[in-house]
Amino acid sequence: MSITELTAQAWSDALELYRYSYTFACVARREHEEWWLDAAAIMRRQTADPRGWLSVDPDEDEFERRDDPLFPFLEAPSTPADVERFRRRVTAVPPCSVASLLVLLGIPGLDAARAPGFAQQRSEMERRAHVVLSRFPEATRFYSNAGWKGEHPDFCEQPIRATTPFSRYGWDAGLIAVNEAEIAMLWHFDPT
C-alpha cells in the first residue's frame with residue numbers, strides 16, 4: 001500500500017494492532033525545526049492528527065489525566081537542555097527493523113515469544129505495521145528508547161530487555177517517526 005492509497009479507514013484498521021496493549025499512538029504536524037518540541041506537544045496532548053485521522057490514547061478519560069495532562073509520560077522537553085537530555089535517550093532504528101518494532105509495540109510484555117497465539121497472528125500484525133509505515137515517506141527517520149542487539153534487529157525474534165523510560169513507569173518502549181511534514185509517537189507502557 002502506498003501513501004496515496006492510505007485512507008483514514010485503513011489507518012484506523014492498522015491501529016487495531018494496539019487494541020490489546022497499553023500503547024499510545026499519535027501523529028502531529030511538524031511545526032518546529034527542533035522536532036523534540038513537536039514530540040513534547042504530542043506528549044502534552046496539545047496536538048491533533050493533521051489529517052484528522054484516529055489517534056490512540058488509552059489514558060484519555062482516566063482519572064490520572066485530570067491532574068496531569070502528561071500522564072503517563074513523566075516529563076516533556078521544553079528547553080535546549082531538556083532536548084539534549086531526551087536526544088541521548090533514543091537511538092536511530094535501522095529502517096529494516098521499524099516494522100518489527102511496530103509489531104512488538106502491540107504485544108503486551110513486549111516479548112513475541114511469550115505472546116499466546118503470536119505465530120498465528122504474526123502475518124496480520126505485520127500487515128498492519130506496514131500500513132502504519134506507509135504513512136511515512138522514505139526520508140523519515142525513526143528513533144527508539146529501546147535497547148537491542150545487532151545492527152538489524154528483528155524485534156519479533158528478540159525481546160526488548162532494556163529501555164530508557166519516558167514515563168512514570170519503570171518500563172516503557174516506543175518509536176518516534178520524524179519527517180519534514182509530520183512526527184509520530186507510538187509508545188507502549190507497562191505499569192506493572
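- Linking Ile, Leu, Val, Met, Phe, Trp and Tyr whenever their side-chain heavy atoms come within less than 4.5 Å leaves Leu186 and Val178 in two separate clusters.
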Quick one: do Trp187 and Ile176 satisfy side-chain contact (heavy atoms from CB on, under 4.5 Å)? Show the steps, please. CA-CA 8 Å; Trp187 223 264; Ile176 300 171; 3.7 Å; yes
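- For the pair Arg89 (side chain) and Pro165 (backbone), a donor-acceptor distance under 3.5 Å is present.
- Transitive grouping of hydrophobic side chains (ILVMFWY, heavy atoms separated by less than 4.5 Å) brings Leu17 and Val93 into a common cluster.
- Put simply, the side chain of Arg44 never gets that close to the backbone of Thr47: no donor and acceptor are under 3.5 Å apart.
- A distance of 5.5 Å separates SG of Cys156 from CD1 of Ile107, quoted to the nearest 0.5 Å.
- Taking CG from Asp68 and CZ from Arg168, the interatomic distance works out to 4.5 Å, rounded to the nearest 0.5 Å.
- Contact check for Asn179 versus Phe136: side-chain heavy atoms found under the 4.5 Å cut-off.
- At a threshold of 4.5 Å between side-chain heavy atoms, the hydrophobic network of Ile, Leu, Val, Met, Phe, Trp and Tyr places Leu102 and Leu54 in one connected group.
- Salt-bridge formation is not detected for the pair Arg127/Glu16: no Lys NZ or Arg NE/NH1/NH2 atom is positioned less than 4.0 Å from an Asp or Glu carboxylate oxygen.
- Under a 3.5 Å cut-off, the side chain of Asp13 and the backbone N or O of Gln9 do not form any donor-acceptor pair.
- One finds the CG atom of Leu110 at 10.5 Å from the CZ atom of Phe155 (value rounded to the nearest 0.5 Å).
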Check the pair Arg135 / Asp49 against salt bridge (charged side-chain N to carboxylate O under 4.0 Å, His left out), numbers first and verdict last. CA-CA 12 Å; Arg135 179 164 183 170; Asp49 187 296; 2.8 Å; yes
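- Rounded to the nearest 0.5 Å, atoms CE (Met43) and SG (Cys26) are 12.0 Å apart.
- Among the candidates Thr164, Thr91, Asp172, the single residue satisfying the side chain to side chain donor-acceptor pair (under 3.5 Å) test with Asn145 is Asp172.
- In terms of heavy-atom proximity, Ala146 sits nearest to Ile160 at CB-CD1, 3.6 Å.
- With respect to Glu75 and Arg85, a salt bridge is recorded, a charged nitrogen being found less than 4.0 Å from a carboxylate O.
- Atom CD1 of residue Ile42 and atom CD1 of residue Ile183 lie 5.0 Å apart, to the nearest 0.5 angstrom.
- If you check the side chains of Asp190 and Thr192, you find a donor sitting under 3.5 Å from an acceptor.
- Under a 3.5 Å cut-off, the side chain of Ser21 and the backbone N or O of Leu105 do form a donor-acceptor pair.
- Side-chain N or O atoms of Glu182 include none that pairs as donor or acceptor with a backbone N or O of Val27 at under 3.5 Å.
- Contact between Thr23 and Val56 at its shortest, heavy atoms only, is O-CG1, 3.4 Å.
- Trp53 and Trp11 have tilted rings, their planes meeting at an angle from 30° to 60° on a 0 to 90° scale.
- In this structure, Tyr143 has its ring center closer than 6.0 angstrom to the ring center of Trp35.
- For the residue pair Ser97 / His152, no side-chain donor-acceptor distance below 3.5 Å is found, with atom types taken as modelled.
- Gly174 approaches Leu101 most closely through the heavy-atom pair O-CD2, 4.2 Å.
- Taking CZ of Arg87 as the reference point, atom CH2 of Trp36 lies at 8.0 Å (rounded to 0.5 Å).
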Does the side-chain contact (heavy atoms from CB on, under 4.5 Å) test come out yes or no for Arg128 and Val131, once each step is laid out? CA-CA 5 Å; Arg128 285 186 161 127; Val131 172; 5.5 Å; no
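- For Arg29, the CZ atom counts as loosely surrounded, since its 6.0 Å shell holds 12 or fewer non-hydrogen atoms of other residues, nucleotides or ligands.
- Salt bridge status for Glu62 with Arg65: absent, with no side-chain N to carboxylate O gap under 4.0 Å.
- Ion pairing of Arg45 with Glu60 is absent here, as no side-chain N (NZ or NE/NH1/NH2) approaches a carboxylate O to less than 4.0 Å.
- Note: the hydrophobic cluster containing Leu6 also contains Leu175 (ILVMFWY, side chain heavy atoms under 4.5 Å, direct or indirect links).
- Leu15 and Leu133 fall within the same hydrophobic cluster, where Ile, Leu, Val, Met, Phe, Trp and Tyr residues are linked whenever their side-chain heavy atoms come under 4.5 Å apart, directly or through other members.
- Judged by the 6.0 Å distance and 45° axis criteria, Arg122 is not positioned over the aromatic ring of Phe118.
- In terms of heavy atoms, Trp171 sits closest to Ala162 at CH2-N, 3.8 Å.
- In terms of heavy atoms, Asp82 sits closest to Pro77 at CB-CA, 3.5 Å.
- When the options Phe73, Phe71, Phe189, Tyr18 are evaluated for a ring pair (Phe, Tyr, Trp, His ring centres under 6.0 Å) with Phe24, the one that passes is Phe73.
- When every heavy atom of Met185 is checked against every heavy atom of Ala39, the shortest pair comes out as SD-O, 3.7 Å.
- Checking side-chain atoms of Asp38 against main-chain N and O of His32 turns up a donor-acceptor pair under 3.5 Å.
- Ring planes of Phe86 and Phe166: perpendicular class, angle over 60° (limits at 30 and 60°).
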